[in-house]
Amino acid sequence: MNWNKVTKWLRLFVIVGLLVWVTYESYMHQVLGGGKAPSIHALCPFGALESLFTLLFMGSFIKKIYSGTVVLLVLTIAIAVLFRRSFCGLLCPFGALQEVFARIGQKIFKRRFVISPKIDRPLRYLKYLILLLTVGMAWYLGSLWMSAYDPYSAYAHLSAVADTIEEDPAAIVGFILLAITLIASLLYDRFFCKYLCPVGAFYGIIGKISPTKVERNNNVCIHCKACNKACPMNIDVEKAAKVTSAECINCNECVLACPKNGALEIKTAKKTIHPFVMIIIVVGLFFGTILVAQVTGNFEILPSALKEGQTISISEVKGYYSIEEAAMATGMSIEEVYDKLGIPESVSKGTKLKEISKEVPSYDFDAAKEKAGGTDISVKEPETSKAENDSNKVDISGIKGSMTIREAAQSLNMEIGEFYKLFKIPEDVPAQTQMKGISTVSPGYEFEKVKESLR
């Protein structure tokens, strides 16, 4: 059996298989909504890095990020420490997409193009700047602000291009970058990975400490440069004693292309590993860890389902809810939901809230939701006063800064909307935010002062 050929096909099967799966999930996310199919952000470990600040200092995730995303981040960091940028070379769906287009390009042009070193070298540092910008702004703003400009996110929304741009006009940038990436991939291998990918930059930095390297035996090497031609990252393998470049994605194409046995080998802590074994280890570690996390209930990539009897405020309903589902989630009657959100009676109760505008072009769900939330606070003064007066009847001393808003409301057996009013919490603060962390989302809010005023 030709194990090198088997290894090449196995890698393609794994990485393209993940691309197909992510494509399917992305499509279903558009069709079913975020409550029933995960978003591309929940499936990408980089989202957890963007959410790291809010997770550590506020005890909550930023929107669209869940515990499963954090598991993916920790897992891929561990893989990078052990086996360099193996996520990029063996598991990344967006890398697979570029490889598919690269193979199409080779069929069309009958050759592989290489950018001049004078242009290539400085461009390689661009992804590190993008890494700093993306993570820094995400931590500062507490949101996936880069989403609109992300070509991977744009790929996940190809089935709803018009709706995505209508929802956020800046998303057109992401689609333009996606087009540039795919066209460039026809000519240059792994174009996005080399120059623009913040995830690759992150794993490249970590991979520098990895004990895994491709090593070349100069006594056996015949200097045919087959390794250089096979490397999708254009590393000069033929001249390196050890490949220590942060650009190496551990795809092992150079080792598989080498015609001389023993000239190029993968070594981990001085032990030689065949590329086939490497793939089995990395893929087994990746999917095995995810399986264990799922079995133990630590791999959530969807919002938690509401418990029996639990309700949310009208400000928390999602666009993927149908009108009927919004009524069930809020504990309101369907008629109340129609009234509070200003939904025309001609719209059927099975319609998703975000799709009402397709039937009624003038309808704006976000504006309607904001108005509904604002009305609850500003117009119904007797209700607000009642909530404030109730603070004299409710023992709020047990409300701790480490509690999330939802946990604090549940501890008082109070509806989440009433709790927001009682503690004067702005409507745009997520219910999973810790009480002491509200000021991070809404500067100027002081939990201890508000609590003291309610004693």
Side-chain angles (χ1 to χ4, degrees), residues 54 58-63 142-143 303-319 321 323 325-343 353 364-455:
T54 56
M58 295 169 55
S60 62
F61 301 108
I62 58 180
K63 188 177 178 182
S143 67
S304 300
L306 293 176
K307 298 176 183 177
E308 186 176 351
Q310 185 180 9
T311 59
I312 60 175
S313 68
I314 196 72
S315 65
E316 290 184 282
V317 296
K318 308 297 182 183
Y321 286 7
I323 299 172
E325 289 171 337
M328 293 175 62
T330 57
M332 299 179 180
S333 68
I334 290 180
E335 290 74 18
E336 285 180 296
V337 173
Y338 270 86
D339 179 56
K340 282 186 173 292
L341 293 177
I343 303 171
L353 294 171
D364 186 332
F365 165 60
D366 290 325
K369 187 168 74 167
E370 185 177 346
K371 183 178 179 182
T375 300
D376 285 345
I377 295 174
S378 59
V379 175
K380 295 191 177 181
E381 292 179 4
E383 197 169 308
T384 302
S385 298
K386 180 178 180 297
E388 290 177 350
N389 290 334
D390 281 347
S391 66
N392 296 320
K393 303 175 185 178
V394 178
D395 182 9
I396 62 171
S397 62
I399 304 300
K400 308 296 183 184
S402 60
M403 289 180 169
T404 65
I405 296 173
R406 188 181 296 284
E407 288 170 343
Q410 289 174 346
S411 72
L412 299 179
N413 293 319
M414 185 177 289
E415 289 187 9
I416 192 78
E418 288 301 310
F419 187 83
Y420 268 75
K421 297 170 194 172
L422 177 63
F423 273 81
K424 302 179 179 65
I425 302 171
E427 289 279 335
D428 61 346
V429 179
Q432 67 268 29
T433 305
Q434 286 184 320
M435 297 296 294
K436 65 183 179 181
I438 295 175
S439 59
T440 306
V441 181
S442 181
Y445 185 90
E446 296 185 46
F447 162 62
E448 292 296 344
K449 282 190 176 182
V450 173
K451 181 180 175 182
E452 185 62 31
S453 71
L454 293 174
R455 289 185 184 279

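Values below: all heavy atoms of this structure, side chains included; hydrogens, waters and symmetry mates excluded. Residue numbers count from 1 along this sequence.
How far NZ of Lys371 is from NZ of Lys340: 12.0 Å, rounded to the nearest 0.5 Å. For the atom pair CE (Met328) and CD1 (Ile334), the distance works out to 9.5 Å, reported to the nearest 0.5 Å. Of the inter-residue distances, the one linking Tyr420 atom OH with Met414 atom CE reads 14.0 Å to the nearest 0.5 angstrom. The line from CD1 of Ile399 to CZ of Phe423 is 5.0 Å long, rounded to the nearest 0.5 Å. In this structure, CE on Met332 lies 15.0 Å from OH on Tyr338, to the nearest 0.5 angstrom. Atom CD1 of residue Ile438 and atom CD1 of residue Ile425 lie 4.0 Å apart, to the nearest 0.5 angstrom.
Among all heavy-atom pairs drawn from Val450 and Ser453, the shortest one is O-OG, 2.6 Å. The two residues Met403 and Ala408 have their closest heavy-atom pair at SD-CA, 3.9 Å. When all heavy atoms of Ile62 and Gly142 are compared, the closest pair comes out as CG2-O, 3.3 Å. Minimum interatomic distance between Ile314 and Ala372 (heavy atoms only, all atoms of both residues): CG2-CB, 4.1 Å.
Using a 4.5 Å cut-off on side-chain heavy atoms (C-beta onward), Leu353 and Ile343 make contact. Contact check for Ile312 versus Tyr321: side-chain heavy atoms found under the 4.5 Å cut-off.
A 6.0 Å sphere centred on NZ of Lys451 holds more than 12 heavy atoms belonging to other residues, nucleotides or ligands.
Every residue two or more places apart in sequence or in another chain was checked for a salt bridge (charged side-chain N to carboxylate O under 4.0 Å, His left out) with Glu336, and none qualifies. Checked against side-chain contact (heavy atoms from CB on, under 4.5 Å), Ala409 has the following partners two or more places apart in sequence or in another chain: Ile416, Phe419.
Here Lys449 does not pair with Glu452 in a salt bridge; the nearest charged N to carboxylate O distance is not below 4.0 Å.
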